[in-house]
Amino acid sequence: MTDVLVKVGFLALAALNGAIIFTIMDVKGASWMQRRPGPLHVGLRGFIFPLAEILKFVQKEDIIPTEVDRPVFKWAPAYVMVSCVALFAVVPMSPTLVVADLELGVFFALAISSLGTIGVLTAGWSSANKYSLMGGLRAAGQLIAYELPLILAVVGVVIQAETMSLVGIVEKQIEWGVPFVVGGQIVGFLIFMVAATAEMMRVPFDMPIGESELTMGFMTEYSGIRFLIFYISEYMNMFILCAIASTLFLGGYHVPLLPTEWVNFYGPVVLLTKTAILGFILVAVRWSQPRFREDQLQNLAWKILIPASLINILVTAVMKVGF
Amino acid sequence: MISYFQDYVTIAAVLGFGLFLVVLLLGVASVLRPNKPYAEKLQTYECGVDPVGSGWSQTYVRYYIFGLLFVIFDVEAVFIFPWAINLEKLGYFGLIEMFVFIFILLIGLIYAIRKDVLKWE
Amino acid sequence: MVNTLDPQNLNNFSEASVSVEIETEDMTLNIGPQHPSTHGVLRLVAKVDGEKVHDVKPVLGYMHRGYEKLAEVRSYPQITTLVNRIDWVAGFSNEIPFIAGAERLMEIEVPERAKHIRLILTEMARISSHFVFNGAYALEVGALTPIFYAMEDRERVLDLIESVTGGRFHPNFNRIGGVKPAAGSGPTTKKDIQDLPAGFYRDTKVAMQKVIEAADQFQNLIGGNEVFKKRTKNVGILTAETAEAFGVSGPILRASGVKSDLRTQTDYLPYDQFEYDIPVGENGDCYDRWDVRVKEMVESAKIVLQAIDSIPSGPLQAKVPKVIKVPKGRTYVRAENPKGEMGYYIVSDGGLGPYRLKVRTASFSNISILPLLLEGALLPDLIAIMGSLDFVLGDVDR
Amino acid sequence: MEEFLNKIKENFINTDVEFETINIKVDSSQWVETHQKLKEEFDLKFFSWLSAIDWDNEVSIGEAPKDSVSPSFEIITCLSDVSNNNLVTVSTTINKLEPKINSLVEIYAGANWHEREAFEMFGINFENHPNLEKLYLPDGYEGNPMLKSFELISREVKPWPGEVDVEGMPEESASDESVDG
């Protein structure tokens, strides 16, 4: 029982720090790309910015409009956050440093990652606000469209690894000597990243939020601490999806040429570095791209990504059996 | 079997931790934040004017057909995963089976695209 | 709503239930007055079905300040101060047609140097207005970064306007008969007239070069972006005929393929002395409207650079009576402002102020096509189309 | 420009040029036909604006006309041809007691908002207008603010200082140095 507690405590650190690191990265990336002095220089070169942000939100009034469906409205942020935290359970930082190495790890991760969207939908619906409702419905439409490419892109990895345990997948990559992204899953990786960006609702797929259209969409009616919970969850989600992508495609906690005996020491660092690199790409995309339109997003998913991922599965299978 | 359950106990603990995190944040905030509600503040936001009608109005959920397709594909995905793990053992037989399977799926998708049902308007 | 359970329909019930699509009520959605994309306080009452806009009714008047009424109780120099605030993004260019109208009625010949200074500052106002458009439009289609670049670049232009006029947004620099003779600070008497500030030519050359670079950067960063193209090409197509019938003018009209520019067609400022192109679009879609404005920035910068080189010396003010009384008469003077045709119809009765002043603003006519353009558009397109019209609420409501 | 002016003069008797602006005066019964003709035969497709003038001798604000006028509404439209740069204003006079005129919306769709503005500001009724309702003013507003008889409430409270800005400032008159006009 103690080891469970230790692991959960470790997870607490990882989840919160991950969210904070990614917040800093996003904000500093933004001000760097936008030539904005604010978060780049103010207050310890902008590093205590997230703390100030959290303090600001914590002491703000939590306004719950009269029209809303109170219980659903109040607990929708909790739903989103809990589902984000649950994802941290399966990502291995090293062969032993994993909260729960499930046999069906990949399945668990994919299933949980889409649960958050249901929280978003309930938030939008319970707000009794037209903008929120549209935001929530868009979020659900996005979930439907991008869940499939996300799942199907992973099938290629599973074919190559012959297991669904995340630790197993990393071990297979160590055995191969190269990460899967080099070993034939480049298309799968790209599809996964695009679909994951859509799942995270980040630019260019941020229609459920779309502040210039829907005035923050499903979050319109949220204020104070409940808004903060959405905000933190967004970055947790970003962190953990990047970590899962690193694990599945980039070799997780291991880099080629480093001795596998010491993997318990350098594992977390390696994984975090890979995660941060992926996160930085997402930051760069966010601050340089406009937003798609909802129908364009659906087209991209159904007409390009899903057929491409199906073909990717077939090609991977032929490679696996044939060679 | 024991470890199997152990894993899920851990997952439950993780979920519990997530819930604890939320409750902690809400608790801290409830101590710190002011609370001065009044009718105008609690009005639904609609760009600064009184809302027209109810926020619960009916809308046409565009992705009705998308939803149906999604369910089909999602179920197929569940079949694909076990096949993917055992592909080495199944060999060419499994490969051809899956070709047929995915081919049928693709045909369905192409049919849907040609029928213009995947049009979000 | 078709009620399939209506007794009259019961006979055909099975048939009806197949052929009738799912019908839902239209939702009435208020977009604005307090919405990030309405450039202030425009309110659109939209009937939407899901994301599709069926009908849009613009509601104006949140910014109505009654300038036409106010002008009737003010003298001509006082009105100059007022008209600055019509289109506040390009305050300087609002003064020009009004002053030109009063001068025409008074039959005053403005010195060449004053005309050139007016021209330079008008073009700077155009550039700064188009910078705002560029940043804001990218923001509306979801790109968050360009507005910071645009604002930074606009700052240089505003600094120049400030160095000459003392004001960044509302210069109030034109006088009937010329421009304000004293710029900068310090005591000013007739013996000690100040001209353009020291280093103005040099700074302007640098700044205009930067404008050309910035326009190039926008072409690459925004215009070259695939997502931006997808969002704006073939969206909100406006034909030249419709545009003319609605009195749509300026870059929007040019984007629809009409080569019309009041700078070449009228003589309110000496534009005929300079060489520049008039960018014209092809399809009249949102992308063209954006593209025309970016190209216009470059042309404006070129005009300013030429004007700097060829600016004549001489007085800044013509001889005008101390108390300005405009002779009886009426005239309409129009000018090519950043948003389009802006004109003042001045009816004078020989008094200190006009008997009637009709202010024709570009944005008012430009957004009157909104109900037409937005019919059947998707909600994100609504924002993209609205943004591409580049209106300012002060210019709409007056 | 000359050619165009001559052509206009041939077709419309009551035409004058005042400070470079061609003005055609028509009878209010000819209002719609005139615009139809100008649009089709003179290619004036660009509808610039429509507005009105309230001619009245008894004014509550501003200055009354120097010569006495017969109280009436003058309605003015401005049409132009964007490619050839011709511009005319068309004006007509209507009775103040029965302020109505046919709408131009059928010919120039853009007249819609301009007519609504004139309707609320002057109280002129445009017949056959599709939705003649208030454009700017709030729903419960009464009165037509652009009428010369409509008083500005703030002027009641405090009279407009009028010419004060062209008088010299006190300290300047002492040193006898005048500033810019």
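For the numbers below, each heavy atom of this structure counts, side chains included, while hydrogens, waters and symmetry mates do not. Every chain is numbered from 1 and lettered A, B, ... according to where its sequence line falls, protein lines coming before strand lines.
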Top residue by heavy-atom pair count (under 4.5 Å) with chain A, among [options]?
options              : value
B:G18, B:P37, B:P34  : B:P34
B:F99, B:W83, B:F81  : B:F81
B:L25, B:L19, B:L106 : B:L25
B:L15, B:V28, B:I11  : B:I11

Point to revise | Donor + acceptor pair across side chains of A:Q185, A:T316 (<3.5 Å) | key: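 Yes - a donor-acceptor pair under 3.5 Å links their side chains.
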Review point. Does the side chain of A:E53 pick up a donor-acceptor pair with the side chain of A:Y231 at under 3.5 Å?
Key: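 Judged by distance alone, the side chains do pair up.
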Is [X] in contact with chain B via its backbone, its side chain, both, or neither, using a 4.5 Å heavy-atom distance?
X      : answer
A:L87  : neither
A:T66  : both
A:R226 : side chain
A:E61  : both
A:F108 : side chain
A:I232 : side chain

Check your understanding: Counting only N and O atoms by type, is there a donor-acceptor contact under 3.5 Å from the side chain of A:S223 to the main-chain atoms of A:I63?
Key ->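 Indeed, once roles are kept as given, a pair shorter than 3.5 Å links the two residues.
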[Y] and [X], any side-chain heavy atoms less than 4.5 Å apart:
X      : Y      : answer
A:L248 : A:L166 : yes
B:V78  : A:F107 : yes
B:I80  : A:L152 : yes

Looking at [options], which makes the most heavy-atom pairs under 4.5 Å with chain B?
options                     : value
A:V155, A:L148, A:I151      : A:L148
A:S132, A:C84, A:A78, A:P77 : A:A78
A:Q59, A:K60, A:E162        : A:E162
A:I313, A:L310, A:I306      : A:L310

Review point. Can you say whether the rings of A:Y222 and A:F230 are parallel (under 30°), tilted (30 to 60°) or perpendicular (over 60°)?
Key: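 Perpendicular: the ring planes of A:Y222 and A:F230 meet at over 60°.
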Review point. What's the shortest heavy-atom distance between A:G168 and A:T163, and which atoms?
Key: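 Minimum heavy-atom contact is C-CG2, 3.7 Å.
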Practice item. For residues B:L105 and B:F73, report the shortest heavy-atom separation together with the two atoms involved. Key: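 For B:L105 versus B:F73, the nearest heavy atoms are O-CZ, 4.0 Å.
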